[in-house]
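Lettering follows sequence order; numbering is per chain, from 1. Computed from heavy atoms alone, side chains included, the values below leave out hydrogens, waters and symmetry copies.
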Number of protein chains: 2
Amino acid sequence: MKDIRKEKSDKTVERILVAARMVFAEKGYSGAHVDEIAERAGVNKATIYYQIGDKDTLYANVIHQVLGNTAQNIAGAVAKADSPEEKLKAYINCIAENVDKNPELPPIMMREVASGGATLPRVVIEDIASVLTILIGILEDGRKKGVFIETVPFLIHMMIVGTIVFYKKAAPVKDRQLWLPATLKAHDKKLKSSLGEEVAALVLKAIKR
Amino acid sequence: MKDIRKEKSDKTVERILVAARMVFAEKGYSGAHVDEIAERAGVNKATIYYQIGDKDTLYANVIHQVLGNTAQNIAGAVAKADSPEEKLKAYINCIAENVDKNPELPPIMMREVASGGATLPRVVIEDIASVLTILIGILEDGRKKGVFIETVPFLIHMMIVGTIVFYKKAAPVKDRQLWLPATLKAHDKKLKSSLGEEVAALVLKAIKR
DNA sequence: ATTATTTAACTAAACGGTTATTTAAACTGA
DNA sequence: TCAGTTTAAATAACCGTTTAGTTAAATAAT
């Protein structure tokens, strides 16, 4: 009993959400226009209102889709690792991978933090909290076992996320500035390994006893 | 010699710029309304157009005022220090201090990076480049002297700035979430020293040979 | 099975509030 | 009075949202 209409409308909703994610990431909430989202989705503006609702609801859907599942990914990745060091590596790499898979994550996160998380749905905040709880566990365990120094978990988290998110978004911007002084271009080498590995190495070295 | 009118209009311009800085930081470019800026400045909207120009120009002025002079501060602070370690500490602390002095810096930076620096005036990009050049010098010198490992300067810069900016803006957000799980609140301790010192310690440890 | 009816999905056009910008008049000190 | 400055009011474009109508798939009736 396949309902052709249902299938089509599902695709429509998906196209709207994809377009919305892109436009919100590029322009931010107020900079994003429903007209542009509709155009990119190849859909009439009113269809967005019919299928999803107003701009707020649309944004909440995007946020949930973008930030929601990352938490479970992290939890899963960390659980597979054993030692605190391995767990922390998994934690960092998982964040880096999610950012890779999801180029809209950095700009959306940055703008959300910039605005003080004013529009964050509670569900998302709970997700973030669960991620932080995982990190606290790793750091505490590592300290008890004498492999980590004492740290402020929240600062470490900001270091991990801040570094990855900023680098991911700022590196292309820098590379685009072709007129930069030669000194800068000369040092414009690629990372030896992946961003996650590189950040993990730095953070681990920073907090190892 | 003293032209009362000139003085008054100077103060008007200053009040406009201060108000604009606040509103742009809170709401971003498209979220900021000229009406609100005028209201906060205690000035008629048309005065903004008479004294400064359109919204774009106003924003450019704010960006210049906020990001422009930080570069010189950093250059000055670094020059006063001797060893690569001390220079790097000065570099990091200076950024942290500027962020402290200037609460509008984090949100504006984040949104600017999020949008791919689309609206950054060239002057500002040159300032950022000069700061990066300074960091490259420090790291290279330190590596030559055998006190630093080899690093990717741009990544280190993103680590420093990302950590400071994210922490500065996200910490208050987290503290406002009173309903967070007890585990998180328990670890909600203040930093032992200043944010700059703390980040400097971590980064130095991360890149020391 | 064919026709008629209902319903889901979508669209074009318009509405109404918002907001950046302009204009012209009023004010203020020299 | 006159130039520099500020203001209230008007303008025009923009943009989120609604409405009224269309298409076509699904269902019911014949």
**Prompt:** Under the criterion side-chain contact (heavy atoms from CB on, under 4.5 Å), which of A:Ile136, A:Val161, A:Ile74, A:Val78 is the partner of A:Val131?
**Reply:** A:Ile74

Whole angstrom value for the distance that separates [atom2] of [N] from [atom1] of [X]:
| X | N | atom1 | atom2 | answer |
| --- | --- | --- | --- | --- |
| A:Glu7 | C:dC10 | CD | C1' | 17 Å |
| A:Gln51 | C:dC10 | CD | C1' | 9 Å |
| A:Tyr59 | D:dG16 | OH | C1' | 17 Å |
| A:Lys8 | C:dT11 | NZ | C1' | 12 Å |
| B:Tyr49 | D:dA10 | OH | P | 18 Å |
| B:Ile48 | D:dA8 | CD1 | P | 13 Å |
| A:Tyr50 | D:dG21 | OH | C1' | 14 Å |
| A:Lys55 | D:dT17 | NZ | P | 8 Å |

[X] side chain: which of [options] is closest?
| X | options | value |
| --- | --- | --- |
| B:Thr47 | D:dT7, C:dT11, C:dA14 | D:dT7 |
| B:Ser9 | D:dA8, D:dT17, D:dT5 | D:dT5 |
| A:Asn44 | D:dT17, D:dT6, C:dT11 | C:dT11 |
| A:Asp35 | C:dA12, C:dC10, D:dC15 | D:dC15 |

**Message:** Over 60° means perpendicular and under 30° means parallel, so tell me whether A:Tyr29 and A:Tyr59 are parallel, tilted or perpendicular.
**Reply:** perpendicular

**Fill in**
The answer to which of A:His33 and A:Ala46 contacts DNA chain D further toward the 5' end, by nearest nucleotide, is A:His33

Is it true that [X] and [Y] make a salt bridge, defined as a side-chain N closer than 4.0 Å to a carboxylate O?
| X | Y | value |
| --- | --- | --- |
| A:Lys89 | A:Glu86 | yes |
| A:Arg143 | A:Glu150 | no |
| B:Arg40 | B:Glu36 | yes |

**Prompt:** What about A:Lys45, does its side chain sit under 3.5 Å from the base of C:dT11 through a donor-acceptor pair?
**Reply:** no

**Request:** Have a look at A:Ala38 and say if it touches a base, only the backbone sugar-phosphate, or nothing, with a 4.0 Å heavy-atom cut-off.
**Result:** nothing

**Asked** Counting only side-chain N and O atoms of B:Thr12, is one of them less than 4.0 Å from OP1 or OP2 of D:dT5?
**Response** no

